2 protein chains.
Amino acid sequence: MKLKDDRKVELIFEAALKLVAQKGLSGITMGDISREAGIATGTLYVYFTGKDELINALFAASRANSVQVAFRGYELTTPFKLGFRTVWMNILRYKLQHFEEVVFLEQCYHSPYITEETRERARELAVPFYDLIERGQQEMLIKTADTGLLLTFMMGAINELVKQTHYSNETLSKKKIDLTFDLCWDALKA
Amino acid sequence: MKLKDDRKVELIFEAALKLVAQKGLSGITMGDISREAGIATGTLYVYFTGKDELINALFAASRANSVQVAFRGYELTTPFKLGFRTVWMNILRYKLQHFEEVVFLEQCYHSPYITEETRERARELAVPFYDLIERGQQEMLIKTADTGLLLTFMMGAINELVKQTHYSNETLSKKKIDLTFDLCWDALKA
DNA sequence: CACAGAAGTGAATATTTATTCGCTTATCTT
DNA sequence: AAGATAAGCGAATAAATATTCACTTCTGTG
């Protein structure tokens, strides 16, 4: 017998992301996805029970990806500011390179597709970021304010920068990136 | 003869905003909108030629609203930091009170509904914000970096704060608001 | 190699949703 | 107050879209 093809799920995800970045979640159909992925519409239903499950699975995967990459190269032993910078740059780099996921995730938060369970799992993934900020606070390097608030501020700035960069389709220079990090650091530092 | 009822357009807009904040742009139908607005589906077509026009009109109106309110109480004669603070608070207050518009606008940017023309008009509305930042730069109070970048950073932080506040459904205390302004000011100040 | 069983197909069907239309109701004009 | 004209209605229709299904094509297993 023939086995399921993991690569095909990848193909489907890539197609869906591309289309959502182009036309938004509201402008995407199962037909579009299958055409873009180069497979038959019926095949989508071999891998997913329906549109809802497809979107939820893609949401979970996208969310996990972006978090997984963030702490690459970060160790508790590295000095805080350097470690924070590493994480910050990881996030920015990832989001610039995976703009489609940024858009997709954003659109999903207020969509009828994402179930409460999927949302809850997404929230759990944020824990390491809270830990990071709290470490900075313990070392008296970061303002002693609501951790969630500081995190929100930082992520918001990155997200908006990524979107802005994409819309104005200029490449973000090293200089601009460093500057934005400085903005962020100046905001959060004690 | 009977005349068109301006109030009805308001009703339609309110209904659409409410639904989009609840279920996203992708989960909204003309039937839903009319039911929520308490009018017949056909009546929607008296006021708008179709769904596309309805969404574009709402987008334009929402965008205009949020900008219009921003400079209330701001004068070129007021000292910069105070004026900046006024504008910043105006924006935050408006977005907190009109969360539905925040969500709606965000969802629209990557939707197939919004035409290039509507987008272009939306961009023009940002000019006063550029002027504000540039004034701060001339007075040596704001970092001399790309104006768009600084603006992006500031708006991103506000947006994310508003969203975060809403999701965690706590009311944002005066203290937290002031703190966030300080974060923002520390980031942008020269 | 044979064949079992699952993947893969895309046209057919079911479902959802936008839009139209014949009709009723309201209100402006004279 | 009467007529004209457009708003308002919601069931009917058209269009778009999700999902199924009868069929074909693979490929792992014995």
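Predicted model, so just to flag it, every value in this text is computed and none were measured. So that the names make sense, note that chain A is the first sequence line, chain B the second, and so on, each numbered from 1.
If you check residues 47-55 of chain B against DNA chain C, the residues with a heavy atom closer than 4.0 Å are G50(B), K51(B), listed by number. Only I39(A), A40(A), G42(A), listed by number, bring a heavy atom of residues 19-42 of chain A to less than 4.0 angstrom from any atom of DNA chain C.
Spacing between atom CG of L44(B) and atom P of dA7(D) amounts to 14 Å, rounded to whole angstrom units. With rounding to whole Å, Y113(A) atom OH is found 10 Å from dT17(D) atom C1'. To the nearest angstrom, P of dT13(D) lies 17 Å from OH of Y45(B).
Look at K4(B) and you won't find any side-chain N or O under 4.0 angstrom from OP1 or OP2 of dG8(D). In this model, the phosphate group of dC9(D) is approached by a side-chain N or O of T43(B) to a distance below 4.0 Å at OP1 or OP2.
For residues 145-155 of chain A, the set of pairs meeting the side-chain hydrogen bond (donor to acceptor under 3.5 Å, both in side chains) definition, not counting sequence neighbours, comprises T152(A)-Q164(B). Applying the side-chain hydrogen bond (donor to acceptor under 3.5 Å, both in side chains) test to pairs two or more places apart or on separate chains, those with a residue in residues 3-23 of chain B are K18(B)-E36(B).
Scored by the side chain to side chain contact (heavy atoms under 4.5 Å, CB included) test, A21(B) finds E100(B) as partners (sequence neighbours excluded). Listed by chain and number, the residues in a side chain to side chain contact (heavy atoms under 4.5 Å, CB included) with A57(B) are F13(B), F48(B) (sequence neighbours excluded). Y94(B) meets the ring-ring contact (aromatic ring centres under 6.0 Å, His included) test with H98(B); sequence neighbours excluded. Partners of K174(B) under the side chain to side chain contact (heavy atoms under 4.5 Å, CB included) rule, at least two apart in sequence or in another chain, are R85(B), D178(B). Among residues two or more places apart in sequence or in another chain, the side chain to side chain contact (heavy atoms under 4.5 Å, CB included) test is passed with T118(B) by N56(B), F59(B), I114(B), T115(B). Partners of E160(A) by salt bridge (Lys or Arg N to Asp or Glu O under 4.0 Å), not counting sequence neighbours, listed by chain and number: K163(A).
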Would you list the atom pairs, donor with acceptor, under 3.5 Å between side chains in residues 68-80 of chain A and any protein atom, with sequence neighbours excluded?
unit_1, atom_1, unit_2, atom_2, d
Y74(A), OH, R135(A), NH1, 3.0
T78(A), OG1, E75(A), O, 2.6

Filtered N/O pairs between nucleotides 27-30 of chain D and protein, under 3.5 Å:
unit_1, atom_1, unit_2, atom_2, d
dT27(D), O2, M1(A), N, 3.1
dG28(D), O4', M1(A), O, 2.8
dG28(D), N3, M1(A), N, 3.2

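With salt bridges taken as basic N to acidic carboxylate O contacts below 4.0 Å, one links R123(B) and E116(B).
The shortest side-chain heavy-atom distance between F84(B) and M154(B) falls under the 4.5 Å cut-off.
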